[in-house]
Number of protein chains: 2
Amino acid sequence: MNITIADLAKVTGLAKSTVSGVLNNKEGFSAKTRQKVLQAAEKYGYVPNEIARGLSSNSTGSIGLIIKDITNPFYNHMTKGVQEVAEEHGYTVFLCSSGESHQAEIKHIQAMVRKRVDGLVIAPLLEEVSFDHIFALNQKPVPFVLLGKIQGLECDTVEFDDYGGGRQAAELLLESGHTRIGFVRGLSTSRASKLRFEAFADTMRQRGVPIDEKFIFDGAKGLRTASPQVPGWRKQKRRTALPP
Amino acid sequence: MNITIADLAKVTGLAKSTVSGVLNNKEGFSAKTRQKVLQAAEKYGYVPNEIARGLSSNSTGSIGLIIKDITNPFYNHMTKGVQEVAEEHGYTVFLCSSGESHQAEIKHIQAMVRKRVDGLVIAPLLEEVSFDHIFALNQKPVPFVLLGKIQGLECDTVEFDDYGGGRQAAELLLESGHTRIGFVRGLSTSRASKLRFEAFADTMRQRGVPIDEKFIFDGAKGLRTASPQVPGWRKQKRRTALPP
DNA sequence: TTGTAAGCGTTATCAT
DNA sequence: ATGATAACGCTTACAA
């Protein structure tokens, strides 16, 4: 049985509202009262119930983050950043991975809304047909920011300068004196990859450096980490892994 | 304004408990009632409030995962696994990264308890002096499982066969015909690293293969991924990153 | 089969 | 400066 504000009120002989007020550092309580409440809280190991607080105050102190795959270095670095900022502001983050599944993405967004997160950061699967679930969010009270732009949707986004990035990469190599430069393209459906390659090709052309088709590759699906890859581990009988 | 069960009760002319029952797929409601409720829910875009449900039912459907660093391949693969299983069971996971900070770990555990998570998976900083915060958890109603064993603490753990792993690695290389085998040890404080190296050394000795000290390194702090490393990005004025 | 009412632990609005 | 009391939205006995 967990000890509640009502319990503290009882043992201190004060009212619930008083106890609550003190616990929330509100103004207008005598030093004596403060002390009594704080001591009792300490003595009985009071732990605030954020669920109840959330119901009453209509804010949960948590935000949802929806990404494709936490195993992907891009997303885990992003996650780290989101968490850092969230923490600075006293928030904690729900992490959801949609994998490659549009359905999972939809499900997770709905789950986050049911959990009444105070906000949502979504890195949506962009190679998709329908964005209805994102559009629907715009009708709901929950604020969100999107990674990447969706045509026809007016909302907060974080976007990438893919063309600029491609150019920078090419320039860096060219300026270091390299000329036989290869390029690993992503999936043919990726607009980002297309832009980066375009920039690369343009830059090479502008500098008068020929592109050797031998060094152009296609269909990369992401970076491979140096980590233990455990595809389909659920199916294996046993597995071992090395802790850090 | 969000629509609630009370609203649905009003528009259908039914009682709150009836609406709740139907929505939760309980037995004992006429097809007609079911239909009425479901239609109204659909029509008005009812979204269950899991916070209220949590307060009432005393379970939140979320679990906390506390790790060191989501950027570390070991932890993000682990996180992926935890999430997969959580999802299968209808849970969602709070992710907290303690970095290298013992204080952060403590803070996060407390935060999870306040959020009334249904359970906790903790990969504690093991090179620490005090485990009071973990011991304290044992007094609380929240179930948890630990990554690694803590002396004198009776609780559920997931452990690693570090010695066995070291042996397996050595055997694999030896059986492939290699003999000039190096070893990258971790921090000198890591018991895990020590065990793995011991196993490696023992195996080499048993097979009569000499160890060349030239190939033994110390102090590795983790795997380095192929990802964009952005140390101290908060301090930078601008940064760019490439989406996947 | 459906309705009534109490309760979950807070916060917030009044009085006092 | 403190206390009653009503929300918050849901679940769950217990009645009808």
Side-chain angles (χ1 to χ4, degrees), chain A residues 1-38 40-41 44-62 90 111 113-118 140-142, chain B residues 1-38 40-41 44-62 90 111 113-118 140-142:
Chain A
M1 229 31 201
N2 245 316
I3 156 143
T4 75
I5 279 196
D7 298 329
L8 294 184
K10 198 161 291 171
V11 301
T12 57
L14 296 163
K16 283 191 332 184
S17 51
T18 307
V19 175
S20 171
V22 170
L23 255 21
N24 289 353
N25 275 315
K26 296 251 161 88
E27 310 265 273
F29 295 97
S30 71
K32 195 149 80 183
T33 312
R34 283 209 127 73
Q35 175 120 13
K36 258 203 284 191
V37 172
L38 265 16
Y44 294 98
Y46 170 72
V47 179
N49 184 330
E50 299 245 344
I51 296 302
R53 182 207 290 267
L55 181 59
S56 181
S57 69
N58 211 19
S59 99
T60 53
S62 41
V113 177
R114 283 199 307 269
K115 296 230 172 202
R116 294 297 192 267
V117 291
D118 291 341
K140 297 213 187 296
V142 48
Chain B
M1 229 35 201
N2 245 315
I3 157 139
T4 74
I5 277 196
D7 298 329
L8 293 184
K10 197 162 290 171
V11 301
T12 56
L14 296 163
K16 282 190 338 182
S17 57
T18 307
V19 176
S20 170
V22 170
L23 255 21
N24 288 353
N25 276 314
K26 296 251 159 89
E27 310 265 272
F29 297 96
S30 71
K32 196 150 79 186
T33 312
R34 283 212 126 72
Q35 176 120 12
K36 258 202 286 192
V37 172
L38 265 16
Y44 294 98
Y46 171 71
V47 179
N49 184 329
E50 298 244 346
I51 295 301
R53 182 208 289 268
L55 182 58
S56 180
S57 69
N58 212 19
S59 98
T60 54
S62 42
V113 175
R114 284 199 306 269
K115 297 230 171 201
R116 294 299 191 268
V117 291
D118 291 342
K140 297 213 187 297
V142 48

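Throughout, a chain's letter reflects where its sequence line sits, starting with A, and its residues are numbered from 1. Please read all numbers here as calculations on a predicted model, not as lab measurements.
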- Scanning both residues in full, the closest heavy-atom pair of B:A9 with B:A15 reads CB-C, 3.9 Å
- Task: Measure across A:A40 and A:V11 and return the closest heavy-atom pair with its distance rounded to 0.1 Å.
- Result: CB-CG2, 4.1 Å
- Message: So if I define the base as every atom that isn't primed, P, OP1 or OP2, how would nucleotides 6-16 of chain C read as a B/S/- string at a heavy-atom cutoff under 4.0 Å?
- Response: -BBBBBB----
- Pairing residues for B:N58 by the side chain to side chain contact (heavy atoms under 4.5 Å, CB included) criterion, not counting sequence neighbours: none
- Bend of the helix from C:dT1-D:dA16 to C:dT16-D:dA1 from end-axis comparison, five pairs per end, nearest 10°, comes to 40°
- Item | From NZ (B:K10) to OG1 (B:T4), nearest 0.5 Å | 8.0 Å
Close N or O pairs between protein and nucleotides 14-16 of chain D (under 3.5 Å):
none

Which donor-acceptor pairs under 3.5 Å do the side chains of residues 45-54 of chain A make with protein atoms, sequence neighbours left out?
{"unit_1": "A:N49", "atom_1": "OD1", "unit_2": "A:I51", "atom_2": "N", "d": "2.8"}
{"unit_1": "A:N49", "atom_1": "OD1", "unit_2": "A:A52", "atom_2": "N", "d": "3.1"}
{"unit_1": "A:E50", "atom_1": "OE2", "unit_2": "B:R114", "atom_2": "NE", "d": "3.3"}

- Task: For A:S62, enumerate each residue passing the side chain to side chain donor-acceptor pair (under 3.5 Å) test, keeping only those at least two apart in sequence or located in another chain.
- Result: A:T60
- Message: List the residues meeting side chain to side chain donor-acceptor pair (under 3.5 Å) with A:N2, not counting sequence neighbours, and say none if there are none.
- Response: none
- Message: Looking at D:dT2, I'd like to know if its phosphate oxygens (OP1 or OP2) sit under 4.0 Å from a side-chain N or O belonging to A:T33.
- Response: yes
Would you list the atom pairs, donor with acceptor, under 3.5 Å between side chains in residues 18-33 of chain A and any protein atom, with sequence neighbours excluded?
{"unit_1": "A:S30", "atom_1": "OG", "unit_2": "A:T33", "atom_2": "N", "d": "3.1"}
{"unit_1": "A:S30", "atom_1": "OG", "unit_2": "A:T33", "atom_2": "OG1", "d": "2.6"}

- Message: Tell me if a side-chain donor or acceptor on A:K115 pairs with a main-chain N or O of B:G61 at a distance below 3.5 Å.
- Response: yes
- Query: What salt bridge (charged side-chain N to carboxylate O under 4.0 Å, His left out) pairs are there with at least one residue in residues 13-23 of chain B, not counting sequence neighbours?
  - Reply: none
